[in-house]
S.K.: 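Take a look at the following structure, please.
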Amino acid sequence: MSSTWDELAFYGTLASTLFQPKYDLPKVPGPPGHSALGNITAVMRPDYHVQMLDWANQYGGIFKFSLGFQWVVVVSDPAVAVQVLGRGPNSIPRKCVGYKFFDLATNASGAHSFFTTSDEGQWMAIRKAAASAFSSANVKKAFPIALRHALLVADSLDPPNADPANPYTRLLHAHSLQPPAAPASPSSTSPTSPTSSAAASLPAKGVNGSTGGTAHVEAAAVGVPVAANGKASSSAKQVQKPAGKPSPSSTSSSTNTASTAGAGRLGWLASRLGFGSRVADSGAATGPAAASSSSSALLPEPCTCGNCDGKRPASAAPAAAAPAGPVDELDGGCLLRPGGDVGSTTSATSTSASPAAAAAAGVVVDIQEALELSLLHVFIEALFDVRPDEFPGPQVAEDMNLVLEEANERLKVPLRKLAMGLVAPRAQARIRAAQRRLAAVYGSLYDTIRARGPQPDSVTDLWACLGRVRHPKTGELLTKPKLVPEIGALVMAGFDTSSHSVAWALFCLASHPQAQEEARRELASRGLAKEPGSPAPPRPPTLDDLPQLPFLSACVDEAMRMFPVGGTASVREVTTPTRVGDYVIPPGVIVWPMLYALHNSVHNWQAPDQFQPERWLDPGAESGSGSGSGSGTAGEGMDGGSGSGSEGGQPPSQPATPRSPARRAAGGGRAGGEREGGKRFMPFSDGMKSCLGQALGLMEVRTMLAVLLSRYRFALDPSLGGPEAVRGSMIMSLTLKIKGGLRLVATPL
């Protein structure tokens, strides 16, 4: 929904409900708010999902808050979440009007895709047509493509040996890290062995010649930037600003810019509505397609690690000598306290290299951008049969990120588009231009589908399935204005979720070296991990290998539990009095199944903030947790329901009772009054609106991790400030991602 008039009509309808019966809405617990603004200011934070989790832990599995006069009921109770997302009598099928803002990323006309529509006929037509495209046979067919791109990404992480024709070599702006001045062990200072390209032995359909952007993220640790060919770049002597937390001066500058653009009160409104520096600085280019825009040297910024009182520049040289004892993290030259394995329940002692030692031998890469582009290429090549070099992947990834962030802000802020037109017209124009570029790409895919002509039912590639879709009312093939939003929705959901699932899994493993080494030992037991010091690459994994890696699958499940990329599920709108748990909710209220809170609430999990892959391996480790996705298919629910993301799992005959603070103090376990059918783990949502491509996505995630972990050891870039600082940079932009990217130190084995 892009029309301000549509939004005004919605709020007009909402106003008409203000004087209708409230039913049980006053009984629903929740935080107090401003008499006019409600809780708007509290949810303006980019990581508003963390605020929802805080409220869920405080008020229980069902609570309410308000956006002005708009009431929102948030659900994180397992049984009630299944009820809301399911297809039973108390389900809520209608998508909320705010959720339709995500159509900003699917077309430029404001039409609704099946992803956002409330038209069940449209939804069923697209879902039924596309279902066969994600069959196990098609996942098997897509595996060699996913493997080839994973191998190309792995090759690109070794700049001295990377092929210049590799599209991800050009994308990843790698930096050699100089070893500390203190004496280092021979293993940390010796040159890495050359690694031959395993990707070269696979058919390279449509990869050579693909254009990649240049990552704009620079390492804060002192070193010499190198180009893709391994030569020192012209900016080697420049001191680069870290891409983590903004400096006080930059924050002040962006705030002043927004205030100037708003001319007094409008500037104040911009800051209150969360427009931020991204909107104020509307001309800045970011993302995979953006080259480094500044040619002047950047002055050192004060360190923002929080452990040195800001007295040491973030880009200053490391300390001359490391203190005695283990060093867990290094932040911009500042030695942090031991304990970098935040949340780990295992011993802090590990046989793996410390982050400081890993940084001495590896290169810093923004892995998140490479994952976005590579899995976009996989999706387009495998499901649309389009060569990556014929597809503007870097620009699509950049535009998608920009537009999804804006859609997410409009979801939270009423009439944001109208306000932006007054406060930041340049930013509005930039978003509109990104929409048009995306729509042009989707339009070209439509033209390709029609140019290939009608296909028999036996051809089940996604492009062929979409080409056969007919209008549910007229029976005619969908026209371009009708099919383009559906193409856009599938592209949007087809790569953004998988790429950030891999990124979060790598973050967890980089933060927990013991778990990373255990996953690598598991790979080695099947001959999939590179022998340290050997020039030969490891055996590439096969599709049959993936189900035989239970610990790696447990790590994936645990990462998806802690960081579910679809953490907000689909927001619903109540059109008739509807029972949600123990409460009857009146029309006009939004019901929001918050999967991030479901996965991380103390109501539902023991030690939810701790990374514990073992909880998925030992059925008795946590009673009722259910199995994950380790077998390659969705696991069973905690109470024996169908797997996460499946369309089975009937809602309970009676709703669950929200857990009280007194019961919450017991830690974990099941809430009093909870009924059969609840699920605490549904990273692919649940019910009728569950993810169609979960089998494909899981294959992509496991394949990428198996390849990368088999050849590299990963640690967090010291400039990030440690795991907690990364978690503090989370943003929800349809998918849960890391603001500014995920910089890792990749050390060849």
S.K.: Is Asp461 salt-bridged to Lys141, going by a charged N under 4.0 Å from an acidic O?
M.R.: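 Counted as a salt bridge, because a side-chain N and a carboxylate O are separated by less than 4.0 Å.
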S.K.: Once ring pair (Phe, Tyr, Trp, His ring centres under 6.0 Å) is applied, do any residues pair with Phe495, and if so which ones, sequence neighbours excluded?
M.R.: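 Phe495 satisfies ring pair (Phe, Tyr, Trp, His ring centres under 6.0 Å) with no residue once adjacent residues are dropped.
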S.K.: Applying salt bridge (charged side-chain N to carboxylate O under 4.0 Å, His left out), can you list everything that pairs with Lys128, at least two apart in sequence or on another chain?
M.R.: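 For Lys128, no residue satisfies salt bridge (charged side-chain N to carboxylate O under 4.0 Å, His left out) once neighbours in sequence are set aside.
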S.K.: Sequence neighbours left out, what passes ring pair (Phe, Tyr, Trp, His ring centres under 6.0 Å) with Phe379? Give chain and number order.
M.R.: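 None.
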S.K.: Is the ring pair Tyr168/His149 parallel, tilted or perpendicular, if the boundaries are 30 and 60 degrees?
M.R.: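 Perpendicular.
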S.K.: Return the orientation label for the Trp504 and Phe507 ring planes: parallel under 30°, perpendicular over 60°, tilted otherwise.
M.R.: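 Taking Phe507 first and then Trp504, their aromatic rings stand perpendicular (interplane angle over 60°).
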S.K.: Could you tell me the separation between the CE atom of Met699 and the CG atom of Leu147, rounded to the nearest 0.5 Å?
M.R.: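 CG of Leu147 is found 9.5 Å from CE of Met699.
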S.K.: Which class fits the ring pair Phe611 and His512: parallel under 30°, tilted 30 to 60°, perpendicular over 60°?
M.R.: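 Ring orientation, 0 to 90° scale: tilted.
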S.K.: Among residues at least two apart in sequence or on other chains, which ones pass side chain to side chain contact (heavy atoms under 4.5 Å, CB included) with Thr735?
M.R.: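 Thr735: side chain to side chain contact (heavy atoms under 4.5 Å, CB included) contacts with Asp496, Thr497, His500, Val565, Lys737.
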S.K.: Would you please name every residue forming a side chain to side chain contact (heavy atoms under 4.5 Å, CB included) with Lys140, sequence neighbours left out?
M.R.: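 In terms of side chain to side chain contact (heavy atoms under 4.5 Å, CB included), with neighbours along the sequence ignored, Lys140 is linked to Leu543.
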S.K.: Do Thr542 and Asp544 have side-chain N/O donor and acceptor atoms under 3.5 Å apart?
M.R.: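 Per modelled atom types, Thr542 and Asp544 side chains form no pair under 3.5 Å.
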S.K.: Do you see a donor-acceptor pair shorter than 3.5 Å between the side chains of Ser498 and Glu700?
M.R.: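 A donor-acceptor contact under 3.5 Å links the two side chains.
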S.K.: I'd like to know if the side chain of Ser710 pairs up with that of Arg520 as donor and acceptor (distance under 3.5 Å, no hydrogens or angles considered).
M.R.: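 No, no side-chain donor-acceptor contact under 3.5 Å.
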S.K.: Going by the rule side chain to side chain donor-acceptor pair (under 3.5 Å), which residues pair with Asn138 if we only count those two or more places apart in sequence or in a different chain?
M.R.: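 For Asn138 the side chain to side chain donor-acceptor pair (under 3.5 Å) partners, ignoring immediate neighbours, are Thr460.
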